[in-house]
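The structure appears right after this line, and notes come after that.
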Protein chains: 2
Amino acid sequence: MDETDELLSIRAAELYYEENKTQDEIGQALRLTRWKVGRLLAQAKQRGFIRIEILHPRARRLPIERRLREERGLEDAIVVSSAGVASPDELQARTAQAAADYLTALRPVPRTLGVSWGRTLFEISQHLRNGWATGVNVVQINGGVSLNRRAGTAAATAVAIAQKGGGSATLLPSPAILEHLATKEAIESDRVVAGVIDLARSADAYLFSAGPADHTSVHIESGYLTEADVDLLVQKGAVGDVVGRYIDSEGNIVDPALDARTVGLTLDQLRDGHLRIAVIAGRSKHAVADAVVRSGLCSVLVTDEATALHLLDG
Amino acid sequence: MDETDELLSIRAAELYYEENKTQDEIGQALRLTRWKVGRLLAQAKQRGFIRIEILHPRARRLPIERRLREERGLEDAIVVSSAGVASPDELQARTAQAAADYLTALRPVPRTLGVSWGRTLFEISQHLRNGWATGVNVVQINGGVSLNRRAGTAAATAVAIAQKGGGSATLLPSPAILEHLATKEAIESDRVVAGVIDLARSADAYLFSAGPADHTSVHIESGYLTEADVDLLVQKGAVGDVVGRYIDSEGNIVDPALDARTVGLTLDQLRDGHLRIAVIAGRSKHAVADAVVRSGLCSVLVTDEATALHLLDG
DNA sequence: TGCAAGTCTGCTCATATGAGCAGGCGGCGA
DNA sequence: TCGCCGCCTGCTCATATGAGCAGACTTGCA
C-alpha cells in the first residue's frame with residue numbers, strides 16, 4: 001500500500017464512518033470504483049487506522065477474553081472495559097458488577113457456593129440482585145471473624161449473597177490467621193469448624209478474590225497482620241494473598257509457618273474445585289492476578305482490561 | 001429503552017464490532033430476531049455508546065468541519081484529528097501538513113498567493129511538495145526582515161512556497177514594525193514597497209497564521225517587540241496578532257499607534273481578499289483563533305480538533 | 001527484449017443490512 | 001370493563017457490502 005492509497009483510505013474512512021456515506025458515494029467523491037473503496041476501507045481496518053470502542057460501564061472486551069482463554073488456558077474470562085474510567089473505585093465497581101452478572105447467568109446454578117471475603121467480595125454481594133438465583137447455599141471458605149470495628153463484613157458478605165440468592169449462609173466461625181499453630185489446630189478440630197470446612201470442600205463453585213501484598217491489605221486493616229509482617233512477606237517474594245494465604249509470583253506459599261496458622265481451605269483444596277471464579281481488578285493486583293492464573297488457582301477470571309493486558313503482554 | 005435493552009445493545013455491539021458476527025448470528029446467540037439486533041445496534045450508536053475513531057496523522061474530523069462551516073459561517077474548514085498526538089509540535093506538524101494538502105488541492109490554482117510569515121508558515125512551506133502547483137507567484141503581505149540571527153526565515157518561507165509551486169516570490173523588503181511612524185510612512189511610500197503592497201492587495205488568495213499574545217511571540221524572538229511591549233498589549237486586551245497586527249477578542253486593533261507603525265496589508269485590506277486561509281493550531285492560540293473567525297478575517301480555517309471545539313463550544 | 005509471476009482491477013453473485021409497513025400488544029382514560 | 005392510541009415486533013423488499021474470479025497490468029529476471 002503506497003502513501004497515496006493510505007491517504008485515500010483515510011479519506012474514505014472519514015466519509016464512511018463520520019459522514020455515513022455509502023461506499024458508492026465515496027467512490028464518486030474520490031473518483032474511485034466502489035470496489036476500490038471497499039478494499040481501502042478493509043485495509044484501513046486491517047492496518048489499525050480504525051478504532052471502534054464501546055463506551056459503557058458494562059462493556060466487555062471479548063477479544064481479550066478470547067486471548068485469555070486461549071493463551072492462558074482459562075475456562076472462561078470476563079474482561080471489563082477500562083474506557084472512560086475516572087477512578088480505581090469505578091474500575092472496581094465495574095468488575096464487581098461483571099462478576100455479579102456472571103454469577104447470575106451461571107448455568108447450572110451452583111447449589112453450594114464457597115466464598116472468600118474482602119472488599120471485592122463485599123462489593124460483588126452489593127451488586128447482586130435479589131433473586132439472582134433460587135436456593136443457593138453459601139459457605140465461607142476461609143476464616144474471617146474481623147478483629148476490628150468493621151467486624152462482620154465477612155459474615156455480611158456471605159449472608160447477603162445467600163439471601164439474595166434465596167438460600168442460606170454457613171459461616172466459618174474462626175479468625176483468618178491465628179497467633180499459634182496449636183490454637184489453629186484446636187479450632188480446626190472443632191466439630192462445627194471441621195464441618196464447615198468439609199462443606200466448603202464439597203462446594204460446586206468457589207468465588208474469591210486476591211489481595212495485593214502491600215500496606216493496603218485487608219489483613220492489616222483487620223488486624224491479623226502488621227505492616228512489618230507484610231513487608232517481611234514481600235521480602236520473601238510475596239505478590240499477594242488468596243483466601244488469606246500469601247503466594248509468590250509462581251503461586252507458591254511464601255511462608256509455610258504462617259500458612260499453617262491460616263484457617264480455611266488450603267490452596268490445593270481450592271484447586272480441587274471444578275469451578276473456581278477469581279475476581280481481581282486494579283493496578284495494584286497485576287502481580288497477584290498473574291500468580292493466580294499462572295498457578296491454576298482459578299478456572300474463570302473476572303478482571304479489568306489493563307490487568308488482562310498485563311497478563312497477556314507482560 | 002429500558003435497562004435490559006441497554007445491556008443487550010452493549011452485548012450486541014461487542015459481538016458485532018469486536019467479534020465481527022453478523023446480526024443474524026448475534027440474534028441466535030442472544031435469542032433475538034436479527035431485526036431486534038439491528039435496532040439495538042442503531043440505538044447503541046445513537047446513544048453514543050459506540051465511538052469510532054480514525055487514528056492517523058492525516059485524519060480529519062469532517063463533522064467538526066461541517067459545524068464550523070454552518071455555525072461560524074466559514075466557507076471551508078479543515079480540522080485535523082488530535083487523536084494520539086504526543087506533543088504540541090506534532091499537532092503543529094499535522095496542521096501544517098493539512099494546510100499544505102489544502103493548498104495543493106485548491107482549484108482554481110491561485111495565480112498570486114499572498115503569504116505572511118512565522119513558524120507556522122515556515123512549516124507549511126516545508127510540507128509542500130515540489131510541483132504542488134505550476135506557476136504560483138507568491139507575495140509577502142507583511143513586513144518581515146528579521147532583525148536577529150534567524151534572519152531570512154520570512155523570505156525563505158515565501159521563496160520555498162514559490163519555488164515548489166513553480167513560480168517566483170516577491171518579497172516585502174521592510175521590517176515588520178518600525179520604531180517611528182515617519183519611518184514607516186517613508187518606507188511605504190517607496191516605489192518598490194508600494195508596488196509590493198499593491199501586488200499583495202491584488203492576490204487571488206491569502207495564506208496566513210496568527211500568533212498568541214505571549215512571550216513566545218515571534219515578534220519578541222525577532223526583536224520587533226519586547227516582552228514588556230507584549231505585556232502591555234495583553235493589558236489592553238490583545239489575544240494575539242495577525243500579519244503583525246495585535247487584536248482583541250473581537251478582532252479590533254488594540255493599539256492603533258503601534259498598528260500605524262506596522263508594515264503590510266491592514267486587516268481591512270486583508271478582509272477584502274476573496275480566499276483568506278488562516279492556519280491556526282495549538283492550545284495557546286485558542287483565543288486568537290476565535291478572534292480571527294469572529295471578525296471574519298479568514299474565510300477558510302485550518303486548525304486542530306481541540307481549537308475547533310473551543311470555537312464551537314467555548 | 002521477452003516471459004513468467006504476482007498484483008491490481010472491475011466484475012458477478014451471494015449475503016448482510018436498513019427502510020418501511022401491517023398487525024399485535026399493552027397502557028390509559030372514559 | 002371497554003375501546004382507543006401508540007409502541008413494538010416481525011415481516012417484505014430494496015440496497016449496500018463482501019467473496020471470489022477472470023483478465024489486465026506491472027515487475028523482476030534472464
Side-chain angles (χ1 to χ4, degrees), chain A residues 1-56 58-63 65-66 81 101 105 129-131, chain B residues 1-56 58-63 65-66 101 104-105 129-131:
Chain A
M1 196 185 198
D2 63 11
E3 197 192 315
T4 314
D5 268 17
E6 182 166 327
L7 246 176
L8 276 174
S9 76
I10 297 303
R11 298 284 152 256
E14 287 159 2
L15 292 165
Y16 193 70
Y17 291 107
E18 302 198 326
E19 300 284 85
N20 294 312
K21 305 259 190 209
T22 69
Q23 297 184 6
D24 212 355
E25 288 172 313
I26 296 168
Q28 292 178 315
L30 303 181
R31 301 170 169 270
L32 301 167
T33 63
R34 72 187 179 79
W35 296 286
K36 177 75 177 169
V37 174
R39 285 176 183 127
L40 287 171
L41 287 171
Q43 281 173 89
K45 260 192 200 166
Q46 189 228 318
R47 290 167 140 247
F49 296 156
I50 314 293
R51 177 158 82 201
I52 302 186
E53 261 182 325
I54 302 171
L55 298 166
H56 194 279
R58 305 284 273 268
R60 283 163 49 187
R61 305 301 318 276
L62 304 188
E65 294 180 0
R66 184 212 307 286
S81 163
D101 291 347
R129 300 198 156 208
N130 268 317
Chain B
M1 194 185 201
D2 63 12
E3 197 193 315
T4 313
D5 268 17
E6 182 167 324
L7 246 176
L8 276 175
S9 76
I10 297 303
R11 297 284 153 258
E14 287 160 0
L15 293 165
Y16 192 71
Y17 291 107
E18 302 197 328
E19 299 285 86
N20 295 312
K21 304 256 190 213
T22 67
Q23 297 185 6
D24 212 354
E25 288 172 312
I26 297 168
Q28 290 178 317
L30 302 181
R31 301 168 170 271
L32 302 167
T33 62
R34 67 187 182 81
W35 298 285
K36 178 75 177 173
V37 174
R39 284 175 184 126
L40 287 172
L41 288 172
Q43 278 172 91
K45 260 193 200 167
Q46 189 230 319
R47 289 165 141 250
F49 296 155
I50 315 293
R51 178 159 79 199
I52 302 185
E53 261 183 325
I54 302 171
L55 297 167
H56 194 280
R58 307 283 275 268
R60 284 164 49 186
R61 305 300 321 274
L62 304 187
E65 294 181 359
R66 186 214 306 287
D101 290 346
T104 305
R129 299 198 155 205
N130 268 318

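Only a predicted model underlies this, so the values are computations on that prediction, with no experimental measurement involved. Computation of the quantities below employed the complete heavy-atom set of this structure, encompassing side-chain atoms and omitting hydrogens, waters and symmetry-equivalent molecules. In what follows, every chain begins at residue 1, and chains take the letters A, B, ... in the order their sequences are listed.
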### Query
Under the 3.5 angstrom rule, does the side chain of B:Gln23 hit a backbone N or O of B:Val37 as a donor-acceptor pair?
no
### Task
Give the C-alpha distance, both sets of side-chain angles, the deciding distance and a yes or no for side-chain contact (heavy atoms from CB on, under 4.5 Å) between A:Leu30 and A:Leu15.
CA-CA 10 Å; A:Leu30 303 181; A:Leu15 292 165; 4.3 Å; yes
### side chain to side chain donor-acceptor pair (under 3.5 Å) involving B:Glu19 - partner list, sequence neighbours excluded
A:Arg66
### Query
Using the C1' atoms of the five pairs at each end, what is the angle between the end axes of the helix from C:dT1-D:dA30 to C:dA30-D:dT1, to 10°?
30°
### Message
Could you work out, with side chain to side chain donor-acceptor pair (under 3.5 Å) as the rule, every residue matching A:Arg51, not counting sequence neighbours?
### Response
B:Glu53
### Summary
Correct closest heavy-atom pair for A:Leu40 and A:Ser9 would be O-CB, 3.5 Å
### Query
Taking side chain as C-beta onward, heavy atoms only, is B:Gln28 less than 4.5 Å from B:Lys21?
no
### Query
Under the salt bridge (Lys or Arg N to Asp or Glu O under 4.0 Å) rule, what pairs show up with a residue in residues 35-49 of chain B, not counting sequence neighbours?
B:Asp5-B:Lys36, B:Glu6-B:Arg47
### Message
From CG of B:Asp2 over to C1' of D:dC7, roughly how many Å is that when rounded to an integer?
### Response
13 Å
### Task
Mind checking side chain to side chain donor-acceptor pair (under 3.5 Å) for B:Arg61 and listing every partner two or more places apart, or none if nothing turns up?
A:Glu18, B:Glu305
Could you run down the sub-3.5 Å N/O contacts of the protein with nucleotides 9-19 of chain C?
from, atom 1, to, atom 2, distance (Å)
C:dT9, OP2, A:Lys36, NZ, 3.2
C:dG10, OP2, A:Thr33, OG1, 3.4
C:dG10, N7, A:Arg39, NH1, 3.1
C:dG10, O6, A:Arg39, NH2, 2.4
C:dC11, N4, A:Trp35, NE1, 3.4
C:dT12, O4, A:Trp35, NE1, 3.3
C:dT17, OP1, B:Tyr16, OH, 3.0
C:dT17, OP2, B:Gln23, N, 2.8
C:dG18, OP2, B:Gln23, NE2, 2.9

